[in-house]
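We name chains A, B, ... by the order of the sequence lines, and we start the count at 1 in each one.
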Amino acid sequence: MAISTKPASGFRDFLPRETERRKRVFAIIEQVYQSYGFEPLETPALENLSTLLGKYGDEGDQLVFKVLQRGDKLSRALEKDSPSALDLSDMGLRYDLTVPLARIVAQYKNELPRYFKRYQIAPVWRADRPQKGRFREFYQCDVDVVGSTSMSVEAEVTAALAEVLRRLEFDNFRIHVNHRKLLTALMEHAGVTSNKHADALVAIDKLDKIGKAGVVAELGQRDIAPEAIANLLPLLEAVDQNKHESVDNEATLARLDSQIGHLESGRQALDDLRKLLAFAASGPAAPALFIDPYLARGLSYYTGPIFEIRSDDFAGSLGGGGRYDELVGMFTKETLPACGFSLGVERILVLMEERAMFQDEVSNVDVLVTLWNDEFTPNSFVLANELRAAGLRVDLYPDNDKYARQFKYADQRRISFVAILAPSELEEGVVAVKNMLSGDQERVARDQVSSWIHTQLEKNRACQ
RNA sequence: GUGGGUGUAGCUCAGUUGGUUAGAGCGCAGGUUUGUGGUACCUGAGGUCGCGGGUUCAAUUCCCGUCAUCCACCCCA
């Protein structure tokens with residue numbers, strides 16, 4: 001029986017062409033993040049389970065890929081009557097980039113600047129079922145600022161994000177913004193008991209997906225008290241109207257103010273959101289920011305403003321984030337405020353693929369040098385090395401195949417030029433160079449080959 | 001974890017109302033060209049019709065199970 005050669009479910013191989021596309025997108029993201037003053041960070045793929053668990057809520061903990069203990073520890077764990085997952089494993093693959101950042105900050109606080117602005121583009125792993133735009137191994141692109149409670153951070157982080165999307169030629173996206181404290185205030189105002197807040201929020205979060213009636217039904221299923229549901233109803237009214245065109249954040253805030261402005265948490269939340277809008281007003285995020293009082297996020301560590309990028313082109317979110325002022329405190333006594341955003345590159349790549357946004361495929365080799373026979377091959381090496389020294393990307397054909405095969409290979413790799421060197425060329429002091437795009441072939445003096453090819457490459461580039 | 005679709009050549013998919021040699025396009029290999037690819041023409045290689053069981057004289061086709069994959073839900077990037 002043959003061994004399956006497919007990658008494990010939810011994991012992917014990237015062949016060179018796709019790898020290059022991904023790298024190009026990552027490079028743009030990195031460039032934008034750097035332009036906002038963020039610095040790079042790398043952390044391990046594996047973390048201790050004590051670092052990972054208890055930060056993402058019950059569902060999140062379930063989705064952490066756990067790594068089996070090794071050696072004697074495993075044997076001892078297996079000897080227990082009914083060993084639990086925690087007995088059998090001690091480490092797990094990172095679930096996101098935010099918790100590792102919190103650990104880093106707690107560990108290296110004295111070595112980091114007063115405000116730590118870091119970006120990280122790296123894979124994370126989640127043990128859930130694959131779906132469109134959902135994988136078990138996928139890259140996240142995070143930007144976070146640690147050390148400040150100012151809404152200037154929220155403004156910077158959303159701006160960087162909007163700028164990335166703009167550079168990738170996405171325009172119809174919205175950055176939904178809400179506030180944990182606003183949600184708490186809404187719940188209190190409606191009389192939802194505190195143990196039911198999370199349940200109610202999950203239902204309300206689906207407003208734009210299943211509509212008001214759907215939300216009411218789901219609230220019922222989740223055992224929310226009928227009086228509380230009745231109280232929530234008027235709060236659900238307004239957003240339907242301003243959801244798409246003409247976003248009027250001021251009106252939304254004013255309406256919320258009249259409803260929950262008298263509550264302490266509500267007042268704080270509205271104050272934050274107003275500042276956020278004011279600080280972001282001049283930046284690239286401004287037109288995309290959308291105050292959405294029904295946005296809820298599952299991750300339990302958020303404490304202040306929360307974000308989610310949505311687009312009509314994709315069912316799920318394209319990214320999310322928020323403020324988590326207490327997370328660092330889970331690792332050390334002295335906590336530090338923080339806020340950040342995670343961009344869902346994989347989903348963006350899926351959309352870019354769908355929209356055929358990758359047109360400009362360029363070869364990664366400029367010239368293929370042909371072989372004649374073993375005796376003559378040293379001459380081909382000399383030529384290849386000359387061309388490389390002149391700054392060209394050169395591939396040397398490995399076997400003494402007939403030219404048809406050598407050309408076919410050049411074609412397959414989309415190599416722009418083939419440099420043919422055989423005894424007659426060597427004797428005349430020339431190289432026969434064929435332009436694979438036009439089919440033209442020219443005998444070029446040996447000492448001018450590299451500059452000739454450089455010139456032709458320029459021309460090709462100009463044509464595209 | 002729940003529900004649904006799909007599983008036939010390397011890839012994308014036809015097909016068989018159960019019947020004896022299972023097809024196409026693309027790709028691949030060889031040739032038409034005696035140093036030249038991509039276009040044209042010719043030839044060829046490749047399939048236990050996902051796996052296991054059942055019904056039947058007979059199963060790739062029907063039934064059950066299983067695995068894989070995709071989509072949706074939950075949740076999320």
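- Of the side-chain N and O atoms in Q131(A), none sit less than 4.0 angstrom from OP1 or OP2 of C71(B).
- The residue V124(A) sits apart from the nucleic acid: no heavy atom pair falls under 4.0 Å.
- Across all strands, S9(A) comes closer than 4.0 Å only to sugar-phosphate atoms, never to a base (heavy-atom distances).
- Look at K402(A) and you won't find any side-chain N or O under 4.0 angstrom from OP1 or OP2 of U33(B).
- Distances shown here put every side-chain N or O of K206(A) at or beyond 4.0 Å from the OP1 or OP2 atom of C73(B).
- Counting non-hydrogen atoms under 4.0 angstrom, G320(A) reaches the backbone sugars and phosphates but no base.
- Under 4.0 Å is where a charged nitrogen must lie from a carboxylate oxygen, and between R22(A) and E346(A) at least one such pair does.
- At the heavy-atom level, A410(A) lies nowhere under 4.0 Å from the strands shown.
- Counting any heavy atom pair closer than 4.0 Å across all strands shown, I309(A) reaches no nucleic acid atom.
- If you check every strand for non-hydrogen atoms under 4.0 Å, G60(A) touches nothing.
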All N/O pairs under 3.5 Å across the protein-nucleotides 1-9 of chain B interface:
{"unit_1": "U2(B)", "atom_1": "O4", "unit_2": "R129(A)", "atom_2": "NH1", "d": "2.9"}

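- We find that CG of L437(A) is positioned 14 Å from P of U39(B), with the value rounded to whole Å.
- Between E18(A) and R21(A), none of the side-chain N atoms (NZ, or NE/NH1/NH2) sits under 4.0 Å from a carboxylate O, so this pair counts as no salt bridge.
- K434(A) and D411(A) are not joined by a salt bridge, as no carboxylate oxygen comes within less than 4.0 angstrom of a charged side-chain nitrogen.
- Ion pair R12(A)/E137(A) not flagged as a salt bridge, since none of the NZ, NE, NH1 or NH2 atoms sits closer than 4.0 Å to an Asp/Glu carboxylate oxygen.
- Here Y409(A) does not lie in a stacked arrangement on the base of G37(B), lacking the combination of planes under 30° and ring centres under 5.5 Å apart.
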